[in-house]
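Given the structure is predicted, the values throughout are model-derived calculations rather than measurements. All ligand and atom numbering here is 1-based and tracks the order in the structure. Numbering starts at 1 and runs along the sequence shown. Atom set for the values below is all heavy atoms of this structure, side chains included, hydrogens, waters and symmetry mates excluded.
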Amino acid sequence: MDKMESTRDQLIQLLAENGDAYISGQALSDSIGISRNAIWKQMKELEKDGYQIEAKPRVGYRITEFPDKLSSNTLKWGLDTAWLGKTILHHPTVDSTQAIGHQAAREGGPHGTIIVADEQTGGRGRMNRSWHSAKGKGMWLSIILRPKILPNHAAQLTLLTATVLADVLDKYDSVKPFIKWPNDILINEKKAAGILTEMQAEQDQIQYILIGIGLNVNQTRDDLHEDIQSKATSLRIESGNELSIKNLIQELLIAFEASFDKYMEQGFLPIKKKWESYGFKIGEEIAIKTFKDYWRAPFHGISEDGALCTETEEGKPISLYSAEIEWFNDTNRE
Ligand code: BTN
């Protein structure tokens, strides 16, 4: 980082930490070690970049509006969380936020660390699929968690994440989200978001869980890669509006923290109920594809550990952990 950048970052951080209160030019100059005139020049530069700054004579400066672009500072501004997102690692371009997340977690990155990128060149999906993550078009984010739960409960956190995403999207006009088992978010039967959970654990102890979230936000239909065009969608396509990715991330983090804290206090039951309230095709007949079979059966809901509760072809109740579900007017069959 060069001198100019680091001064600027320090300045933004000091102003951001001060929130709505003013901080004097003298205090800024003392903390950063540059002249008051240099502080004033830096403020003019920030304004050119979309920061709105109020300068009150003899009182000081404060930021009233951050630009709508992703950075650790813009994301932290107004992020009213207790532990989630206290460390935010933002990168303009990465291979995969999951790769950065694993590295950060191995190096001791704390519970609640966020890794976010404008663009991923090697975004990863479940089952070794790739995940298209074009610049500025979506939310490409990973969360490091170090929960005190048993490794065999980790899947519950993926289901929790799906409910949090659904809750956030449900608030947007003309968007009615559903969760396709186990954790794809559908709008109008097309996939808008996916979750990839990876874990490092020993016997009965989790070292960390890395929850990767990909949400299509501002793609037009033409922006969607042709191999997913018929089965994917974005918030912009569904709502007709371009949305702020920064705001969406902040809404997600606030909702995630509340839901995670509730889960640690009350366990999985409230999450299971919420998941089922968004569950796609619950109570209906679905097609189930496992590595060796394909059959139709009713979808009854999910179990305590997130398994798909359904029936065998002979009508015997079963719980499945690994399968794909489909439905019949399906455009989603691969
Ligand atoms: C899926 O297959 O549905 C899961 C997609 C998960 C994509 C997200 S984008 C952020 C994070 N980084 C990745 O490389 N993958 C996840």
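Under the side chain to side chain contact (heavy atoms under 4.5 Å, CB included) criterion, R36 pairs with Q26, S29, sequence neighbours left out.
A donor-acceptor pair shorter than 3.5 Å cannot be found between the side chains of T64 and E54. Donor-acceptor pairing under 3.5 Å is lacking for the side chains of Y61 and N18. Side-chain atoms of H90 and N73 form no donor-acceptor pair, as typed in the model, at a separation below 3.5 Å.
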Item to check | Candidate pair W327 and E284, rule side-chain hydrogen bond (donor to acceptor under 3.5 Å, both in side chains), full reasoning | outcome: CA-CA 9 Å; W327 51 99; E284 294 181 41; over 6 Å; no

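A salt bridge links R8 to D49: at least one charged side-chain nitrogen sits closer than 4.0 Å to a carboxylate oxygen.
Closer than 4.0 angstrom to ligand 1 sit non-hydrogen atoms from S96, T97, Q98, Q120, G123, R124, G125, R126, W131, W140, L141, S142, D184, K191, G194, I195, L196, G212, I213, G214.
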